Amino acid sequence: MAARILHRLRHALAGEGGREEPAGGGGGEAEDCPESSELEDDTEGLSTRLSGTLSFTSHEEEEEEGDGASEELEEPPQAPGAAAGTEDGGRCWGEWVSATERPGGSLLTRQLQELWRRSRGSLAPQRLLFEVTSASVVSERSSKYVLYTIYLIRSGQFDKAPATIARRYSDFEQLNRRLRCRFSCDMASVAFPRKRLRRNFTAETIAKRSRAFEQFLSHLHSIDEIRRSPEFLEFFFLPDLQAAQRLTCTGLYREALATWANAYRLQDRLGVCNSGRFLLTLAGLAVCHQELDQLSEAHGCCEQALQLLEAQGSHPLLGPFLQAHVHLAWKVGKDKRQSEARLQDLREAGLPLQQQPSLKECLIKEPLE
């Protein structure tokens, strides 16, 4: 209506000899332009409103040309036969997922699930995080020091039983010194907190050192050569292996089992589950479980060790693990034919199995230095 009135006022002011418009003519002309007039007014108003809210980069023309393609990439693909959308043109994720479950959409759903499974391992590799969870001042007869408890955590995962270590400043200092002797070039950019003569036990110093040790271990773990070195790896699990061996030798199997289990988790987090130290850890777990009458757990440790030794025919622990596995399988009612066949192959190869030490004897005699 406002456009019609404006149109008539313009003609009335123009005059053109005072002629009156025909009754039907004025209505026809007024009907020719209202839609265009309203569109022009709305377009001007819309551009005025948007001019204050939109911002453009220096590549404005390139963005305008690529708007259509980018929108197609950002929106999730629509299943065949799906509805046009909600009033604002969008579609919520739940509606889109339900649409893919309709006839014709199951193939797309399976493809997305397969893509997601592949992306978990390839596009988002797990990182190992080092977190100082506590620091306590320990006073002994002749010394006083701070003991730092550190958790080894895989990013994006929750550990019911985390892998932990407890180290003091001198332990970190020894690791730093050994690594700098062997990897002088790689260690040139690695920072290490300096030793202080005073105020070593204040809360501020302990907090700063805790963060510095976290960054120190993270930096070391990011360097391939250092991450695989025995100096770095044994800093984490060798003290636990030595303590667990001592406890096993003295018959404290329950305390030894907890220490063997933590050494197992540490090696698992560090990705060294194919080493000789890991086989020794499995032997310690099997012996302690067996001594505590936890036969199913001991049998499982032997099976895991035999899977690692499957491709090896002359490892010192192969015979003891096979003999222990046959004995435990008979106890728990599991199949032992494969282990018996492997033992027979070793006999035919000339290995004197009767002179082989037991798994416990191998564990006690193994030097851990």
Side-chain angles (χ1 to χ4, degrees), residues 122 124-138 140 142-156 162-202 204-245 259 262-281 366-369:
S122 59
Q126 294 179 343
R127 287 195 311 118
L128 189 63
L129 305 178
F130 303 91
E131 181 179 349
V132 177
T133 58
S134 65
S136 57
V137 178
V138 179
E140 295 181 348
S142 58
S143 64
K144 182 180 180 181
Y145 58 89
V146 180
L147 193 65
Y148 299 88
T149 301
I150 303 170
Y151 278 28
L152 278 69
I153 307 170
R154 287 198 187 104
S155 61
T164 64
I165 61 173
R167 300 290 183 269
R168 52 190 292 184
Y169 181 90
S170 58
D171 298 325
F172 287 99
E173 189 177 33
Q174 182 181 10
L175 173 65
N176 178 62
R177 186 170 57 253
R178 294 178 65 188
L179 291 176
R180 290 188 186 277
C181 290
R182 184 178 174 186
F183 306 99
S184 56
C185 294
D186 292 326
M187 292 293 294
S189 60
V190 179
F192 185 78
R194 295 181 179 180
K195 199 165 189 176
R196 302 182 61 174
L197 298 177
R198 294 183 302 171
R199 301 177 60 83
N200 285 306
F201 304 104
T202 63
E204 181 182 2
T205 300
I206 293 174
K208 287 182 178 180
R209 280 189 175 172
S210 298
R211 302 290 81 78
F213 287 146
E214 291 176 352
Q215 296 171 3
F216 175 68
L217 294 176
S218 298
H219 197 166
L220 294 179
H221 189 262
S222 67
I223 303 173
D224 291 339
E225 293 295 328
I226 294 179
R227 182 171 64 243
R228 302 189 187 99
S229 66
E231 293 86 354
F232 178 76
L233 294 173
E234 292 178 355
F235 168 80
F236 291 95
F237 57 79
L238 184 58
D240 274 15
L241 293 181
Q242 294 170 337
Q245 188 184 48
T259 311
N262 189 61
Y264 177 97
R265 290 190 294 269
L266 287 169
Q267 294 171 85
D268 176 61
R269 301 296 186 277
L270 294 166
V272 287
C273 295
N274 294 321
S275 65
R277 302 290 198 193
F278 190 72
L279 287 171
L280 188 69
T281 305
E366 179 69 21
L368 290 174
E369 296 177 356

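Both backbone and side-chain heavy atoms feed into the values below; hydrogens, waters and symmetry mates do not. Start at 1 with the first residue, then count along the sequence. Just so it is clear, the structure is predicted and the values come from calculations on it, not from any experiment.
Across all non-hydrogen atoms, the minimal contact from Ser210 to Val132 is O-CG2, 3.5 Å. Closest approach of Pro239 and Arg167 over heavy atoms only: CG-NH2, 3.4 Å. The two residues Ala163 and Asn262 have their closest heavy-atom pair at CA-OD1, 3.7 Å. Closest of all the heavy-atom pairs between Phe236 and Phe232 is CD1-O, 3.1 Å. In terms of heavy atoms, Pro162 sits closest to Arg269 at CA-NH2, 4.4 Å. A pairwise comparison of heavy atoms in Leu241 and Ala263 identifies CD2-CB, 3.7 Å as the closest pair.
Within a 6.0 Å radius of CD in Gln242, other residues, nucleotides and ligands contribute more than 12 heavy atoms.
Leu280 meets the side chain to side chain contact (heavy atoms under 4.5 Å, CB included) test with Leu363, Glu366, Leu368; sequence neighbours excluded. Looking at residues two or more places apart in sequence or on another chain, you find no salt bridge (Lys or Arg N to Asp or Glu O under 4.0 Å) involving Arg228. With sequence neighbours left out, the ring-ring contact (aromatic ring centres under 6.0 Å, His included) criterion links Phe183 to no other residue. Evaluation of the side chain to side chain contact (heavy atoms under 4.5 Å, CB included) rule for Ser189 yields His219 as partners, not counting sequence neighbours. In this structure Arg211 satisfies the salt bridge (Lys or Arg N to Asp or Glu O under 4.0 Å) test together with Glu214, sequence neighbours excluded. Evaluation of the salt bridge (Lys or Arg N to Asp or Glu O under 4.0 Å) rule for Asp268 yields Arg154 as partners, not counting sequence neighbours. With sequence neighbours excluded, the residues forming a ring-ring contact (aromatic ring centres under 6.0 Å, His included) with Tyr264 are Phe278, listed by chain and number. Phe235 pairs by the ring-ring contact (aromatic ring centres under 6.0 Å, His included) definition with Phe172, not counting sequence neighbours. For the side chain to side chain contact (heavy atoms under 4.5 Å, CB included) test, residues two or more places apart in sequence or in another chain that qualify with Thr133 are Glu131, Thr149, Tyr151. Residues satisfying the salt bridge (Lys or Arg N to Asp or Glu O under 4.0 Å) criterion with Arg209, sequence neighbours excluded, are absent altogether. Leu233 pairs by the side chain to side chain contact (heavy atoms under 4.5 Å, CB included) definition with Phe237, Leu270, Val272, not counting sequence neighbours.
Identified under the salt bridge (Lys or Arg N to Asp or Glu O under 4.0 Å) test for residues 181-200, with sequence neighbours left out: Arg182-Glu231.
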Determine whether Gln267 and Asp240 satisfy the following criterion, side chain to side chain contact (heavy atoms under 4.5 Å, CB included), listing intermediate values before the conclusion.
CA-CA 11 Å; Gln267 294 171 85; Asp240 274 15; over 6 Å; no
Intermediate values then yes/no, side chain to side chain contact (heavy atoms under 4.5 Å, CB included), Met187 and Val190:
CA-CA 5 Å; Met187 292 293 294; Val190 179; 4.1 Å; yes
Passes side-chain hydrogen bond (donor to acceptor under 3.5 Å, both in side chains), Arg277 versus Ser275? Steps please.
CA-CA 5 Å; Arg277 302 290 198 193; Ser275 65; over 6 Å; no
Report the C-alpha separation of Asn200 and Val146 in whole Å, then their side-chain angles, then the decisive distance to 0.1 Å, and conclude whether the side chain to side chain contact (heavy atoms under 4.5 Å, CB included) test is met.
CA-CA 9 Å; Asn200 285 306; Val146 180; over 6 Å; no
If you apply the rule side chain to side chain contact (heavy atoms under 4.5 Å, CB included), what do you find for Glu140 with Lys144, and how did you get there?
CA-CA 6 Å; Glu140 295 181 348; Lys144 182 180 180 181; over 6 Å; no
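To the nearest 0.5 angstrom, Leu175 atom CG is 11.5 Å from Ser170 atom OG. To the nearest 0.5 Å, the span separating CG on Leu129 from CZ on Arg127 amounts to 5.0 Å. Rounded to the nearest 0.5 Å, atoms CG (Leu266) and OG1 (Thr164) are 7.0 Å apart. Atom-to-atom distance recorded for Ile223:CD1 and Cys185:SG is 11.0 Å, nearest 0.5 angstrom.
Under the 4.5 Å side-chain criterion, counting only non-hydrogen atoms from C-beta, Phe192 is in contact with Glu173. Side-chain contact between Ile226 and Leu179 is present, with at least one heavy-atom pair separated by less than 4.5 Å. Counting heavy atoms from C-beta on, the side chains of Ile150 and Leu217 come closer than 4.5 Å. Using a 4.5 Å heavy-atom threshold, the side chains of Val137 and Leu147 count as separate.
Aromatic ring centroids of Tyr148 and Phe130 lie 6.0 Å or more apart.
The pair Asp171-Arg168 does not count as a salt bridge, with every side-chain nitrogen at least 4.0 angstrom from each carboxylate oxygen.
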